[in-house]
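Have a look at the structure below, then the notes.
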Amino acid sequence: MSKFCPKCGEKLVDEAKFCKNCGASLERIPNPQQNTNNYQVPVVEKNHDLAIIVGYILAILIPLFGIIAAVYLLTRDSAKAKRHGKYVIIVAVIVWFISFMMMW
């Protein structure tokens with residue numbers, strides 16, 4: 001694999017210690033062929049419990065705002081928030097339908 005200078009982007013020889021174009025030191029650049037221990041940051045889902053609870057309450061009391069809360073939950077990266085967003089929409093639509101049926 002080829003290395004490139006982090007300062008100017010010049011293509012480098014694998015054994016190079018300095019860039020031939022700009023003279024930058026390459027001592028801290030790891031060789032891609034070396035086996036390095038790559039640490040991966042664990043992915044932590046954000047807690048959307050409050051938004052989920054508010055979404056259900058709004059879906060029951062004011063279905064239009066419940067749908068807005070559901071759309072918010074559906075746009076989050078959390079699988080739990082997306083799942084509850086779908087349920088909040090379902091509850092809001094059912095409550096809205098029942099409220100219209102009671103008016104007739």
Any side-chain heavy-atom pair of K82 and K80 under 4.5 Å: no

Single-linkage hydrophobic cluster I98~M103, side-chain heavy atoms < 4.5 angstrom: no

R76 to Y72, cation-pi by 6.0 Å centre distance and 45° axis angle: yes

Interatomic spacing from CG in L73 to NE2 in H48 - rounded to 0.5 Å: 8.0 Å

Hydrophobic cluster membership, V95 vs V88, 4.5 Å side-chain cutoff: yes

Verdict with supporting geometry, K46 and D77, side chain to side chain contact (heavy atoms under 4.5 Å, CB included): CA-CA 8 Å; K46 291 185 179 178; D77 291 332; over 6 Å; no

Check residues 50-71 and write down every donor-acceptor pair under 3.5 Å in which the side-chain atom is one partner and the other belongs to a residue at least two apart or another chain.
from, atom 1, to, atom 2, distance (Å)
Y56, OH, H84, ND1, 2.8

